[in-house]
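This report refers to the structure that appears directly beneath it.
All values derive from a computational prediction rather than experimental measurement.
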Amino acid sequence: MARPFRFGVNLLTLESAEAWRAKCRHAEQLGYDVLLAPDHLGNPAPFPALATAAEATERPRLGTFVLNAGFWNPALLAREVATCDALTDGRLELGLGAGYVKAEHDSAGLPFGSPRERVDHLVRTVAELERLLTDAEHRPRPAQSPRPPLLLGGNGDRLLRLAARHADIAAFTGAVQAPGKPQGALQLISPETLEERVGAFHRFAAEAGRAQEGADEPGEAIELNYLIQMAGPGADRRAKVRELSAYAPGLTEDQMLEHPALLLGDAKEMAEQLRAHRERFGFSYFTVLEHNMEAFAPVIEELHGS
């Protein structure tokens with residue numbers, strides 16, 4: 001049986017305290033299951049933003065999508081996570097990634113390092129968070145036991161292996177560093193390559209012994225997430241795809257139409273696309289960006305409970 005859909009929205013802008021609360025309440029009314037905050041310079045600081053979102057809403061989970069591990073000392077992060085989980089009455093979901101935007105590290109005066117070094121730091125951070133947050137003596141204590149659910153995002157083998165061992169939710173980026181572009185500029189991989197990455201994750205989950213009894217695939221107990229980059233109506237889907245071709249050099253129009261990063265059509269058409277993505281890739285938890293929040297809402301209504 002397919003895992004039920006879940007939908008999150010990544011909230012990116014902060015105008016005022018009341019505007020933030022109103023936006024969070026509106027997202028809840030639209031049916032979003034998770035309110036998310038990113039960890040980029042220029043966006044709201046994630047933990048106070050989520051604690052405020054909790055005060056304004058009742059139902060949605062609250063998550064970081066995703067924290068840049070290079071910005072954080074693990075012990076200080078454990079304190080933030082535990083505090084935020086307690087203040088949100090156990091609604092927190094902790095998303096972590098290795099980071100990919102060098103300019104932000106430069107602005108913060110923090111080392112960026114090589115991809116290997118960034119993943120090394122993420123591995124250490126995950127291990128230390130597991131140790132501290134599950135320690136009954138650690139103060140403050142998170143509300144959830146043994147710790148808040150962990151989302152790990154990435155695309156490469158090391159990150160997928162880490163997610164297969166430790167994550168409750170695995171988030172697939174579906175993109176890689178664009179050759180010849182500034183560090184942090186991404187381009188889409190093909191749907192076929194994305195499918196291979198999901199297959200690699202399932203192999204790593206089997207190696208880690210995380211196959212669920214009765215599941216069709218090893219690692220099926222781990223929820224799979226994908227970030228939709230664009231969602232909205234489009235009478236001529238191919239024309240819209242041609243507008244976006246610069247973000248996916250080398251992909252055909254058909255490949256872009258099959259890609260879960262792009263969701264085009266009316267609500268019923270977009271809902272059918274998500275059902276197809278769940279069948280093909282196993283993605284059941286989809287995230288949209290704030291500017292797509294209204295356009296995507298009718299899809300939530302179409303897929304409610306399915």
Side-chain angles (χ1 to χ4, degrees), residues 4-68 71-72 77 79-97 104 140 142-144 147-153 168-169 171 223 225-232 263 267 270-271 274 283-306:
F5 285 111
R6 203 162 67 114
F7 301 107
V9 56
N10 213 19
L11 301 175
L12 308 176
T13 59
L14 172 64
E15 293 80 23
S16 67
E18 185 46 46
W20 177 261
R21 294 186 184 97
K23 179 163 53 181
C24 293
R25 286 191 292 267
H26 185 52
E28 180 177 30
Q29 291 163 359
L30 291 175
Y32 285 93
D33 302 294
V34 195
L35 308 184
L36 299 156
D39 191 23
H40 292 295
L41 297 185
N43 293 129
F47 289 113
L50 294 176
T52 303
E55 294 176 353
T57 60
E58 296 180 1
R59 178 185 54 81
R61 303 281 292 172
L62 306 151
T64 56
F65 197 84
V66 294
L67 294 184
N68 180 347
F71 287 173
W72 297 91
L77 179 56
R79 180 181 65 175
E80 295 284 336
V81 170
T83 300
C84 191
D85 194 45
L87 291 176
T88 61
D89 294 322
R91 291 160 64 186
L92 182 67
E93 296 183 1
L94 174 63
L96 285 171
E104 293 185 354
Q144 297 176 86
R147 55 155 175 75
L150 176 64
L151 176 150
L152 291 173
D168 303 287
I169 308 160
E223 189 175 34
N225 169 275
Y226 197 83
L227 172 62
I228 299 167
Q229 297 291 336
M230 174 173 286
L263 204 61
M270 289 191 284
L274 290 189
F283 303 143
S284 59
Y285 173 17
F286 288 93
T287 302
V288 298
L289 299 170
E290 180 179 326
H291 60 267
N292 290 321
M293 182 171 75
E294 296 285 348
F296 187 75
V299 184
I300 299 176
E301 182 65 27
E302 284 286 332
L303 294 173
H304 180 72
S306 65

message = Evaluate Leu96 against Leu77 for side-chain contact (heavy atoms from CB on, under 4.5 Å), listing each step before the verdict.
response = CA-CA 11 Å; Leu96 285 171; Leu77 179 56; 4.0 Å; yes

request  = Check step by step if side-chain contact (heavy atoms from CB on, under 4.5 Å) holds for Leu274 and Ile228.
outcome  = CA-CA 10 Å; Leu274 290 189; Ile228 299 167; 4.1 Å; yes

task = Please assess Leu227 against Leu289 for the test side-chain contact (heavy atoms from CB on, under 4.5 Å), listing each intermediate value before the final yes or no.
result = CA-CA 8 Å; Leu227 172 62; Leu289 299 170; 4.0 Å; yes

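Looking only at distances, no side-chain donor or acceptor of Arg61 sits under 3.5 Å from a matching main-chain atom of Glu93. In terms of modelled atom types and a separation under 3.5 Å, the side chain of Asp168 and the main chain of Leu150 share a donor-acceptor contact. Looking at Thr64, its side chain never comes within 3.5 Å of a backbone N or O of Leu94 through a donor-acceptor pair. With hydrogens and angles ignored, the 3.5 Å screen pairs no side-chain donor or acceptor of Glu80 with any backbone N or O of Phe47. A donor-acceptor contact shorter than 3.5 Å links the side chain of Lys23 to the backbone of Thr13.
Legend: residues meeting side-chain contact (heavy atoms from CB on, under 4.5 Å) with Leu87, ordered by chain and number and at least two apart, are Thr83. Under the side-chain contact (heavy atoms from CB on, under 4.5 Å) criterion, Glu28 pairs with Thr57, Glu58, Arg59, Pro60, not counting sequence neighbours.
One distance of note links CD1 of Ile169 with CZ of Phe65; it measures 9.5 Å at 0.5 Å rounding. The CG atom of Leu36 sits 8.0 Å away from atom CG of Leu50, with the distance rounded to the nearest 0.5 Å. Between atom CD of residue Glu18 and atom OG1 of residue Thr52 there is a gap of 11.0 Å, rounded to the nearest 0.5 Å. Within the model, atoms OH of Tyr226 and OG of Ser284 stand 15.0 Å from one another, a figure rounded to the nearest 0.5 Å. The CG atom of Leu12 lies 8.0 Å from the NE2 atom of His291; values are rounded to the nearest 0.5 Å.
Met293 and Leu11 get closest at one heavy-atom pair: SD-CD2, 4.3 Å. Residue Thr88 comes nearest to Ala54 through the heavy atom pair CG2-CB, 3.6 Å, listed as atom of the first residue, atom of the second, then distance. Scanning both residues, Gly232 and Met270, for their nearest heavy atoms gives N-SD, 3.7 Å. Smallest separation of non-hydrogen atoms from Cys24 and Ala53: SG-CB, 3.6 Å. Of all non-hydrogen atoms in Leu92 and Pro149, the two that sit nearest each other are O-CD, 3.4 Å. In terms of heavy atoms, Gly97 sits closest to Val66 at N-CG2, 3.7 Å.
Other residues, nucleotides and ligands contribute over 12 non-hydrogen atoms within 6.0 Å of the CZ atom of Arg6.
In this structure, the side chains of Phe296 and Ile300 come closer than 4.5 Å at one or more pairs of heavy atoms. Contact check for Leu67 versus Pro46: side-chain heavy atoms found under the 4.5 Å cut-off.
Note on residues 292-305: pairs passing side-chain hydrogen bond (donor to acceptor under 3.5 Å, both in side chains), not counting sequence neighbours, are His26-Glu294, Lys268-Glu302.
If you check the side chains of Thr287 and Asn225, you find a donor sitting under 3.5 Å from an acceptor.
By the 30° and 60° cut-offs, the orientation of the rings of Phe286 relative to Phe283 is perpendicular.
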